[in-house]
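Heads up, the thing below is written out as structure tokens.
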Amino acid sequence: MKQNKKQIKPAPPRGMRDHLPAQLRPRLQVVDKMVRIFELYGFQPLETPAMERLEILTGKYGDEGDKLIYKVLKRGDDLKRTLEEVLLLNQGSETGPVGLTDQISNAVSDLGLRYDLTVSLARVVAQYANELPKPFKRYQIASVWRADRPQRGRFREFIQCDVDIVGTDSIVADAEIILLVIDIFQELDFPGFEVLVNHRRLLKALSKACGNTSDQFTNFCTALDKLDKIGRDGVAKDMKERGLETTKLDELWELADQRCYIETKDELNRLFQNIRAFLGGDDESLVQLEELFKLLENLGIPDSIVRFDQALARGLDYYTGPVFEVVGSDPSIGSLCGGGRYDELVGMFSKQSIPAVGTSFGLERIVEVLNDKGLLEAENASVDVEIIDLLNNELGAAFCGRVMKILKHNGISCELGYDRGKKTGKQIKNADKNGIPYVVIIGEDEINQKHVEIDDIIVTAKRLSDGEQKRLGIIEFVNWVKEQ
RNA sequence: GUGAGUGUAGCUCAGUCGGUAGAGCACCAGGUUGUGGCCCUGGUGGCCGUGGGUUCGAGUCCCAUCACUCACCCCA
């Protein structure tokens, strides 16, 4: 029997993780802090399904992004019919099924796991536009899935914490989101973070001014985004390979290499003037950024946290206005939070176009950094008190039952030891190993001292951290535990 | 999707020139049947990732495959 049974590996799917209590507790603490701040800003919770219809998901994240969507196989007759159609298609094909892979995978699936929370929000807004408050401020904390190859800080299933404001094009909303982001990272005591800000349409203008056509815009962004990593020469080489215009790059570097914090106003003004000169005129995006920065400063953002970064691009296709990203001191883990304005996305699901701005926190990455820096406290998740019943009979159980009732009534968690009957030392040892701070020992001596009044129940209690042991009344014991 | 590295006990890893497996930690039992942490003794536990090949003989050499890790790509 046992020999024939092939061992099934208990590992979770690649890039997906189990979260054991010890790791989950600190994560939940982080989530609690976030939710509290979301609510303080007036955001409301929303939940949506883990799956969306495939047509909702595709075409929003760029070509690379679309490839990473988890597709869900059709079911039942629908699948059967589709497979038969595919087989028919293949019979006429000389190249065989190989060349048809993409077509097949699209034909046999009609649902997909959500890739982010923003697209689902846009769908919800399009569906319930009349019922939702305007503007609609919502937060959502939920898993998303990407069929990426996992590496440090990168998973196939991870939790995003999204906050978005839908239904206003006011720059105040952009500023509010950025302020909230700063509040969160400060609340978490996150060390050395910065908010990088840019504008999608400014990038478009820069690309155009360099001599690129509009369909080369994505390539331009992708290449420019790598400036930090591979430097000017690397980007220039990359742009050449992508068939982009490179003649005006030297001029562009003069602009793109400057990193201006928004409180250093003179520098920033000078840079903006230089950009205007490069563009050969003003651009709406620059005016918006100036307004945004001024507003942020007036609202009281802390020094040296928000900085203008012309090389920041952001990969998702749906962004249309100001974009931003939070980076920590360790760049290898990627961005910790990213967002921006996406005024066209809701319009993809509805006749009316509804402007929106929002952000997404990468919970796993934030927790990982906080963990590495030792900023998350491992919480003791076990009970406060282990009851050790030495008698292991009716009398003992009845007495333990009374003790536990009083303890729980006073807000002290406890459990009856599962090893009753085993050696006392063994039971104490197990309690200690499980991180339980106190044990109460119930034997003949304690029961014989029992009086009628509850207050007079006597227990033998031991604090495991220092071994201090007392024989005392139950209420005294409650107070002893609560002192800690 | 591309490239590199690593797979031996629950965990961290040894394993020489090819001769059918070892340590530490953890776990279980005992060292006075009502007192833990230290110490001592003993014990459980491995198809050496999987499948083929070379060989009298493979954890070790070769091939394939899978998994994990890192980097690219992209992102949270």
Side-chain angles (χ1 to χ4, degrees), chain A residues 3 6-7 9-17 61-68 101-102 115-118 141-162 181 218 221-223 225-226 229-230 234 238 242 312-317 319 323 325-328 331-339 359-369 386 388-392 396 417 419-447 460-469 471:
Chain A
Q3 284 171 346
K6 175 110 183 173
Q7 266 285 342
K9 276 192 182 169
R14 170 172 219 193
M16 306 189 187
R17 301 170 304 163
Y61 308 113
D63 290 343
E64 292 298 319
D66 279 1
K67 284 183 200 158
L68 302 180
T101 310
D102 270 3
Y115 180 95
D116 71 0
L117 303 175
T118 311
I141 297 172
S143 285
V144 301
W145 291 267
R146 296 182 188 179
D148 223 343
R149 192 178 278 206
Q151 55 183 275
R152 176 168 153 82
R154 196 152 148 199
F155 307 96
R156 288 184 161 180
E157 178 183 47
F158 61 96
I159 290 181
Q160 284 195 330
C161 313
D162 269 38
V181 165
T218 309
C221 289
T222 312
D225 197 40
K226 285 188 272 188
K229 274 188 191 167
I230 58 178
D238 195 44
R242 290 168 188 269
L312 172 74
R314 315 266 324 135
L316 303 184
D317 266 5
Y319 289 118
V323 289
E325 191 168 290
V326 176
V327 293
S332 74
I333 203 163
S335 68
L336 303 161
C337 174
T359 190
S360 179
F361 295 85
L363 181 66
E364 341 277 336
R365 289 180 177 181
I366 290 170
V367 167
E368 192 161 329
V369 173
E386 178 89 358
I388 297 180
D389 174 15
L390 298 177
L391 294 175
N392 198 11
D419 293 326
R420 59 183 191 153
K422 281 199 184 176
K423 291 206 302 190
T424 316
K426 186 82 204 160
Q427 296 194 59
I428 292 175
K429 193 175 166 183
N430 285 339
D432 190 37
K433 269 191 295 195
N434 289 330
I436 296 168
Y438 292 88
V439 296
V440 159
I441 299 164
I442 306 292
E444 279 179 38
D445 295 355
E446 288 75 17
I447 292 183
T460 298
K462 184 173 184 128
R463 181 163 63 197
L464 295 183
S465 57
D466 57 4
E468 186 176 356
Q469 181 166 325
R471 183 162 287 187

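Excluded from the calculations below are hydrogen atoms, water molecules and symmetry mates; all remaining heavy atoms, backbone and side chain alike, are included. Residue numbers start from 1 in every chain, and the chains themselves are labelled A, B, ... in the order their sequence lines are given, proteins ahead of strands.
Of the candidates G36(B), A76(B), G3(B), G36(B) carries the atom nearest the Asp432(A) side chain, counting heavy atoms from C-beta on. The side chain of Glu446(A) approaches G34(B) more closely than any other nucleotide in the set A76(B), C74(B), G34(B). Comparing atom distances between the Arg14(A) side chain and each of G34(B), C68(B), A71(B) picks out C68(B) as nearest. For Gln151(A), taking side-chain heavy atoms from C-beta onward, the closest of the listed nucleotides G30(B), C74(B), C72(B) is C72(B). Nearest nucleotide to the Lys226(A) side chain, out of C28(B), A76(B), C74(B): C74(B). In this structure, the nucleotide among U35(B), G30(B), A76(B) sitting nearest to the side chain of Arg365(A) is A76(B). Nearest to the side chain of Arg149(A), among G34(B), G1(B), A76(B), sits G1(B). Listed candidates were G34(B), A76(B), C74(B). Nearest to the side chain of Leu390(A) is G34(B). Listed nucleotides: C74(B), C28(B), G34(B). Nearest to the side chain of Asp148(A): C74(B). Listed nucleotides: C74(B), G36(B), A71(B). Nearest to the side chain of Ile428(A): G36(B).
Pairing of G5(B), defined by two Watson-Crick or G-U wobble distances under 3.5 Å, is identified with C68(B). Across all strands shown, C39(B) pairs with G31(B); the Watson-Crick or G-U wobble distances both stay below 3.5 Å. The partner of A14(B) is absent, by the rule that a Watson-Crick or G-U pair needs both atom distances under 3.5 Å. As the counterpart of A21(B), no nucleotide is assigned, since no Watson-Crick or G-U wobble pattern has both distances under 3.5 Å. Summarising the base pairing, C74(B) is matched to no nucleotide, lacking a Watson-Crick or G-U wobble pair whose two defining distances lie under 3.5 Å. Across all strands shown, C47(B) forms no Watson-Crick or G-U wobble pair with both distances under 3.5 Å.
Between Gln427(A) atom CD and U35(B) atom C1' the separation is 10 Å, expressed in whole Å. In this entry the distance linking NZ of Lys433(A) with P of G37(B) reads 10 Å, nearest Å. In this structure, the CD1 atom of Ile333(A) is 19 Å from the P atom of C74(B), given to the nearest Å. We find that CD1 of Ile230(A) is positioned 14 Å from C1' of C74(B), with the value rounded to whole Å. To the nearest angstrom, P of C74(B) lies 18 Å from CZ of Arg156(A). Atom pair Arg463(A):CZ and G37(B):C1' shows a separation of 16 Å (rounding to whole Å applied). The nearest whole Å value for the distance from the CG atom in Asn434(A) to the P atom in C27(B) is 10 Å. When the C1' atom of G34(B) is taken as reference, atom CD of Glu386(A) falls 16 Å away, rounded to whole Å.
Rounded to whole Å, the C1' atom of U44(B) lies 15 Å from the corresponding atom of G30(B).
Nucleic acid contact class of Arg314(A) (heavy atoms, under 4.0 Å, all strands): sugar-phosphate only. Among the heavy atoms of the strands lying under 4.0 Å from Gly153(A) is at least one base atom, whether or not backbone atoms are also near. The residue Gly425(A) sits close only to the backbone: its heavy atoms come under 4.0 Å of sugar-phosphate atoms, none of a base. Nucleic acid contact class of Arg152(A) (heavy atoms, under 4.0 Å, all strands): sugar-phosphate only. No contact: Thr359(A) has no heavy atom under 4.0 Å from any strand. At the heavy-atom level, Cys161(A) lies nowhere under 4.0 Å from the strands shown. Across all strands shown, Arg242(A) has heavy atoms under 4.0 Å from sugar-phosphate atoms exclusively, and none from any base. Across all strands shown, Phe361(A) has no heavy atoms under 4.0 Å from either base or sugar-phosphate atoms. Heavy atoms of Gly467(A) sit under 4.0 angstrom from at least one base atom. Backbone-only engagement by Gly338(A) is indicated by non-hydrogen atom pairs under 4.0 Å involving sugar-phosphate atoms exclusively.
In plain terms, the two heavy atoms of Arg365(A) and Gly153(A) that are nearest each other are NE-O, 2.6 Å. Between Arg156(A) and Asp148(A), the shortest heavy-atom contact is NE-O, 2.6 Å.
The side chain of Lys422(A) places an N or O atom within less than 4.0 Å of a non-bridging phosphate oxygen (OP1 or OP2) of A29(B). Regarding contacts with the backbone of U35(B), every side-chain N or O of Lys426(A) stays at 4.0 angstrom or more from both OP1 and OP2.
Counting only distance, with no hydrogens or angles, the side chain of Glu446(A) and the backbone of Gly443(A) share a donor-acceptor pair below 3.5 Å.
The side-chain heavy atoms of Thr118(A) and Ser360(A), taken from C-beta on, include no pair separated by under 4.5 Å.
The existence of a salt bridge linking Asp238(A) and Lys226(A) is confirmed by a sub-4.0 Å separation between a basic side-chain nitrogen and an acidic carboxylate oxygen.
Put simply, the side chain of Lys462(A) and the base of U35(B) share a donor and an acceptor less than 3.5 Å apart.
Surrounding CD of Glu444(A) are at most 12 heavy atoms belonging to other residues, nucleotides or ligands under 6.0 Å away. A 6.0 Å sphere centred on CG of Asp63(A) holds no more than 12 heavy atoms belonging to other residues, nucleotides or ligands.
The OG1 atom of Thr424(A) lies 7.0 Å from the CD1 atom of Ile388(A); values are rounded to the nearest 0.5 Å.
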